[in-house]
Amino acid sequence: MATSMLCRRTAIFSWAIRGVSPLKSYNPASSHCGLLHQIANYNPKPLKLNLKDPYIPDRESEKTPEWQKTAKYDRKLFGRYGSSSGIDPAKLWPSHAQLEEMIAEEREWNPPLQVMLKNVEAKTKEANAKRLAREKLVAANMAKMPKMVADWRKEKREAKQKLKDEKARRERLLAEARERFGYAMDPRSPKFLEMVSEIEKEEKKKRKLMKRRLKEEQSHVPPASSAASSS
Amino acid sequence: MSFTRKPGGKALDILQNLPRISLANLRPEPGTKKAEKKRGRGQHGGNRSGRGHKGERQRGNRPRLGFEGGQTPFYLAIPKYGYNEGHSRRAQYQPLTLNRLQYLIDLGRVDPTQPIDLTQLVNGRGVTIQPQKRDYGVQLVGEGAGIFAAKVNIEVQMASEEAIAAIERNGGMVTTGFYDPRSLAVLCKPVPFFISGQPIPKRMLPGEDMVTYYTDATNRGYLADPEKIQKARIALARKYGYVLPDISKDELFHMLSMVKNPRQIFFGLSPGWVVNMAEKKILKPTDDKLLQYYSS
């Protein structure tokens, strides 16, 4: 299908902007279907090399400008006029010193393929490692999150509870003071503070007594149980 | 029996007796050429000659492009942003659609019986490449993949997957190759380069950013492994659902399998040679060091 379509399309003359004649003399036959496949190229711009009247500067004279005695100009002369320009073709290539320079420059700026591939691999590895490390860190931190959230919530709750307790305690002390002294006193006055310290001492004594009782009970209970077990 | 009618009749007689076509016998189809307005002449072209009434417009003193009468112009009001940084230094690849390639082949501007290179495309005026404007070559774009029907061996600098599939479906070959800016200039305009008398330079390898692209078989890179490329061809055929034609059985197999050396710019010419247009000769270096350098 493809080749038949191609054969069916016969080439038409292409008119170049410069208006040159169309068909090239070279007609390769497309052997698939026997039809001629005409290639119509743009004729190239006429190469005005000026071979009949060349200007070749006089290298010895002082009047010729310096730029016409350079190696670059010589190459251009050779390129235009060929061997009739009188330039040694060996001068077209770089000299050994220039070649050394070129090789050094290339070695510095254009590393070989293997080196480049290694560099690329190293870079991608590094980037991947960094990304993995970061992701791991993130994952680890995310795993810690529920516990951290719970802890924080607990802390908040406890702080709230503490505040509440403080308030309740202060209310109680005020009520206690009210009962004892018969009037609502200022919690900052020294009497109130004395009362508070008294209450605290009583509380401490009570706690100590409780502790001692618990200890005695505990010391009594084991021999009784051992006695019970032995008997 | 007596008088046999000639086919064509009187029209053919007239045609045979008319004189040869020349510029003196031709005139454009009526309606195709509109007479241009001659400024400064006549009732309509004269008077103010299309320049308007007084002011900067008539006197030709308009301010520069972009100036908005003192208001901060658009091109300065828009703030810079990071994603535009270095945009003028980025590599550009001129797109070549399959539509255009088919058009060029049909009109005979590009020869499908020879390997199609950027030089051939430029010679056929298919694409315009400006190596000095950060163009790094041509990219094959898949638009027109449905109607593409030509068997070609084409070498481009980048190619989209659909384009590769379309070309391989028709029994062709695609290769992506890198040309550094100097080699690209030589490739696009070979004749001015040959006239300058310099030896053909060797193509440099792509930089680290493009090496992965050109060593990848899925992009048909010129640095990739040929076996991997074959596998990629089969895989692509399976992906797009067409039967991969066997090129080795083709009569143009030798042409289709022509691929350039990574250091080579032109088919048939090696780096280090000097092509002389004046005498139609090629000069090759004989010095060992030069040979070693150009063949490394």
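The figures here come from the full heavy-atom set of this structure, side chains too, leaving out hydrogens, waters and symmetry mates. First the proteins, then the strands, lettered A, B, ... as listed; each starts at 1.
- The CD atom of Q198(B) sits 10.0 Å away from the CG atom of L92(A) when rounded to the nearest 0.5 Å.
- For the pair K76(A) and I195(B), the minimum side-chain heavy-atom distance is 4.5 Å or more.
- Note: T215(B) OG1 to M116(A) CE = 9.5 Å, rounded to the nearest 0.5 Å.
- With a 4.5 angstrom heavy-atom cutoff, P262(B) does not touch chain A via any of its atoms.
- Note: V211(B) leads V211(B), L223(B), T286(B) in heavy-atom pairs under 4.5 Å with chain A.
- Between A278(B) and G82(A), the closest heavy-atom pair is CB-N, 3.9 Å.
- The minimum heavy-atom distance linking P89(A) with L283(B) is given by the pair CB-CD2, 3.6 Å.
- Chosen from Y73(A), W109(A), F78(A), the residue pairing most often with chain B at heavy-atom distances under 4.5 Å is F78(A).
- For E279(B) (side chain) and S83(A) (main-chain N/O), a donor-acceptor pair under 3.5 Å exists by modelled atom type.
- The main-chain N or O of G272(B) is found under 3.5 Å from a side-chain atom of W93(A) such that the two form a donor-acceptor pair.
- A heavy-atom distance below 4.5 Å is not found between the side chains of M277(B) and R80(A).
- Heavy atoms closer than 4.5 Å to chain B are found in the backbone of Y81(A), but not in its side chain.
- Contact check on E208(B) versus K118(A) returns no salt bridge, with no Lys/Arg side-chain nitrogen under 4.0 Å from an Asp/Glu carboxylate oxygen.
- The parts of L113(A) that come within reach of chain B are both its backbone and its side chain, each placing non-hydrogen atoms under 4.5 angstrom from that chain.
- For the pair L205(B) and P111(A), the minimum side-chain heavy-atom distance is 4.5 Å or more.
- The backbone N or O of M204(B) sits nowhere less than 3.5 Å from a side-chain atom of N110(A) that would complete a donor-acceptor pair.
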